[in-house]
Colleague: 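One structure, as structure tokens, below. Some questions next.
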There are 2 protein chains.
Amino acid sequence: MALKKSYDLLENVDPWICIASKLSLSIRVVSAIYRKHLKAHNVTMSQLSLLMVIGKHKSLPQSEIGKILKLERSTVTRDLKRMIDQGYFVKKGDKTRQVIYITDKGASYVESIIPDWRAATQEAKTKLGEDGEQALDLVLHKLMG
Amino acid sequence: MALKKSYDLLENVDPWICIASKLSLSIRVVSAIYRKHLKAHNVTMSQLSLLMVIGKHKSLPQSEIGKILKLERSTVTRDLKRMIDQGYFVKKGDKTRQVIYITDKGASYVESIIPDWRAATQEAKTKLGEDGEQALDLVLHKLMG
DNA sequence: TTTATTTAGTTGCATATACAACAAAAGTTT
DNA sequence: AAACTTTTGTTGTATATGCAACTAAATAAA
């Protein structure tokens with residue numbers, strides 16, 4: 001089972017200096033908190049983000065959604081499709097300039113979820129603490145800036 | 001297209017106070033940096049994490065891997081399977097106590113990737129700045145603690 | 001020691017995500 | 001106006017991920 005050679009780079013590397021790994025780990029911890037609170041609503045954070053972002057504007061061009069959430073076009077197409085099928089959004093417009101509208105069903109749905117979403121956010125904030133929350137804002141600001 | 005009612009909670013909510021959304025956005029930005037640098041190696045960050053973590057220990061019980069990377073058991077099973085199929089790891093042991101070993105092929109592979117991984121990490125660090133990097137460490141520390 | 005419980009791994013199912021290739025529409029150049 | 005370029009949306013393909021249900025093995029309780 002032993003390796004035939006020695007691997008210096010590998011032996012001396014520290015996987016935990018990886019920025020992507022740190023963020024991945026962080027999102028897994030936080031996602032679990034949100035999933036727990038949102039479970040009864042049968043909604044994911046990705047879906048809730050769409051509901052809240054589009055809902056707040058009442059409607060958004062599909063092309064804007066990807067820009068706002070930094071999602072690839074095909075991801076937006078398919079994430080929306082599932083929710084259109086469920087009646088939370090409708091799509092209007094021609095082939096290349098689609099506009100997505102939230103429906104009353106979608107708006108009611110997101111309103112029913114918001115209290116639990118707030119609770120999840122509160123739990124996450126408590127875990128982060130005041131300083132942790134500010135730190136996260138700084139990270140985001142640096143990355144988006 | 002207009003909504004039939006008004007939705008107070010929805011109109012007044014700020015989607016961007018969401019901790020999960022902030023982290024999701026952050027990871028998308030950082031992932032893109034790593035994908036760009038790792039593209040030529042045809043490897044993802046998830047795979048590279050497995051290679052580095054297991055490789056550094058030479059071997060790890062499968063059950064440990066999920067604990068270290070905070071991944072669900074089934075995710076570990078399948079992420080490993082793809083890489084075992086490619087010959088980067090081997091699996092030894094009985095039905096419920098598996099141990100995963102890195103192979104020479106896997107160790108060579110990860111060593112060939114490390115320089116570009118370092119470059120990606122450097123680019124991400126530059127974007128974050130010294131303060132942003134410390135902020136990320138604080139976030140992770142708070143969430144894991 | 002037998003029984004009950006916990007731990008470990010797998011498989012079915014569903015969502016989320018990106019890239020490449022394609023088609024169609026919109027915008028720009030000439 | 002015609003030709004070229006960019007933007008937008010979709011579909012094929014692949015990886016990543018979690019939950020539920022199941023099996024099997026290990027551990028604890030009786």
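Only heavy atoms go into these numbers, but all of them, side chains included; no hydrogens, no water, no symmetry mates.
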Colleague: Does a side-chain N or O from B/Arg28 land closer than 4.0 Å to OP1 or OP2 of C/dT17, or not?
Modeller: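 Answer is yes, contact under 4.0 Å.
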Colleague: Just the rounded figure in Å: distance from P of D/dT15 to CG of B/Asp85.
Modeller: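 After rounding, the reported distance stands at 10 Å.
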Colleague: Would you say B/Thr75 reaches D/dG18's phosphate, i.e. side-chain N/O to OP1/OP2 under 4.0 Å?
Modeller: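 The answer is yes; a side-chain N or O of B/Thr75 sits under 4.0 Å from OP1 or OP2.
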Colleague: For the side chain of A/Thr96, starting at C-beta, report the closest nucleotide among D/dT11, C/dA24, C/dT7.
Modeller: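 Minimum distance to the A/Thr96 side chain belongs to C/dA24.
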Colleague: Using a strict 4.0 Å threshold on nitrogen-to-oxygen distance, state whether B/Lys22 and A/Asp137 make a salt bridge.
Modeller: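 Yes, this pair counts.
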Colleague: Which sits closer to the 5' end of DNA chain D, B/Ser74 or B/Arg82, going by the nucleotide each is nearest to?
Modeller: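 Between the two, 5'-proximity favours B/Arg82.
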Colleague: Out of D/dG9, C/dC19, C/dT17, which has the shortest distance to the side chain of A/Glu72?
Modeller: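 Nearest listed nucleotide: C/dC19.
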Colleague: Nearest nucleotide by nearest heavy atom, which residue falls closer to the 5' end of DNA chain C, B/Arg35 or B/Asp94?
Modeller: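 Looking at DNA chain C, the more 5' nearest nucleotide goes with B/Asp94.
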Colleague: In this structure, how many angstroms lie between the P atom of C/dT17 and the CE atom of A/Met45, rounded?
Modeller: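 After rounding, the reported distance stands at 10 Å.
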Colleague: For the atom pair SG (B/Cys18) and CZ (A/Arg118), what is the distance rounded to the nearest 0.5 Å?
Modeller: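 So the SG of B/Cys18 and the CZ of A/Arg118 are separated by 11.5 Å.
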Colleague: Find the distance A/Lys70:NZ to C/dT17:P and express it as a whole number of Å.
Modeller: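 From A/Lys70 NZ to C/dT17 P: 14 Å.
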Colleague: Indicate whether the side chain of A/Thr44 and that of A/Tyr34 have a donor and an acceptor atom separated by less than 3.5 Å.
Modeller: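 No, no side-chain donor-acceptor pair sits under 3.5 Å.
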Colleague: Taking the basic N atoms (NZ, or NE/NH1/NH2) and the acidic carboxylate oxygens, is any pair closer than 4.0 Å for B/Asp131 and A/Lys142?
Modeller: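 Looking at A/Lys142 together with B/Asp131, the answer is yes, because their closest N to O distance falls below 4.0 Å.
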Colleague: Find the distance B/Gln98:CD to C/dT11:C1' and express it as a whole number of Å.
Modeller: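 My rounded result for the distance is 15 Å.
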Colleague: Does A/Lys39 make a side-chain N or O approach to OP1 or OP2 of D/dA20 shorter than 4.0 Å?
Modeller: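 For D/dA20, OP1/OP2 do have a side-chain N/O of A/Lys39 under 4.0 Å.
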Colleague: If the cut-off is 4.0 Å, is B/Thr44 near the phosphate of D/dA16, judged by side-chain N/O to OP1 or OP2?
Modeller: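 Answer yes for this pair, as a side-chain N or O of B/Thr44 is under 4.0 Å from OP1 or OP2.
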Colleague: Can you find a side chain N or O atom of B/Ser46 that sits less than 4.0 Å from OP1 or OP2 on D/dT17?
Modeller: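 For D/dT17, OP1/OP2 do have a side-chain N/O of B/Ser46 under 4.0 Å.
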Colleague: Which nucleotide sits closest to the side chain of A/Gln62: C/dT17, D/dG9, D/dA25?
Modeller: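 For the A/Gln62 side chain, the nearest candidate turns out to be D/dG9.
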Colleague: Hey, which of these two, A/Val99 or B/Leu71, hits DNA chain D nearer its 5' end, going by closest nucleotide?
Modeller: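 Counting from the 5' end, the first nearest nucleotide belongs to A/Val99.
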Colleague: In whole Å, I'd like the distance from the CG atom of A/Leu51 to the P atom of C/dT15.
Modeller: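 The answer, rounded to whole Å, is 14 Å.
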Colleague: Rounding to an integer number of Å, can you tell me how far B/Leu69 CG sits from D/dT17 P?
Modeller: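 Roughly 9 Å, once rounded to whole Å.
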Colleague: Would one find a side-chain N or O of A/Lys91 under 4.0 angstrom from OP1 or OP2 of D/dT10?
Modeller: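 Checking D/dT10 against A/Lys91, a side-chain N or O does come within under 4.0 Å of OP1 or OP2.
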Colleague: Rounded to the Å, how far apart are A/Arg73 CZ and D/dT7 P?
Modeller: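 It works out to 10 Å between those atoms.
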Colleague: Is it the case that the ring center of A/Tyr88 lies less than 6.0 angstrom away from the ring center of A/Tyr109?
Modeller: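 Between A/Tyr88 and A/Tyr109, which both carry aromatic rings, the centre distance is below 6.0 Å.
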Colleague: Using the side-chain heavy atoms of A/Lys95, tell me which of these nucleotides is nearest: C/dA25, D/dC19, D/dT15.
Modeller: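 Looking only at side-chain atoms, A/Lys95 lies closest to C/dA25.
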Colleague: Between B/Ser21 and B/Ile17 (side chain of the first, backbone of the second, donor and acceptor by atom type, cut-off under 3.5 Å), is there such a pair?
Modeller: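 Judged by distance alone, no pair lies under 3.5 Å.
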Colleague: Has the side chain of B/Arg78 got a donor or acceptor that lies under 3.5 Å from a partner of the other kind on the base of D/dG18?
Modeller: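 Such a pair is found, so the answer is yes.
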Colleague: C/dT7 phosphate, OP1 or OP2: any side-chain N/O from B/Lys67 under 4.0 angstrom?
Modeller: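 No.
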Colleague: To the nearest angstrom, how far is B/Asp79 atom CG from C/dG9 atom P?
Modeller: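 The distance from CG of B/Asp79 to P of C/dG9 comes to 14 Å, rounded to the nearest Å.
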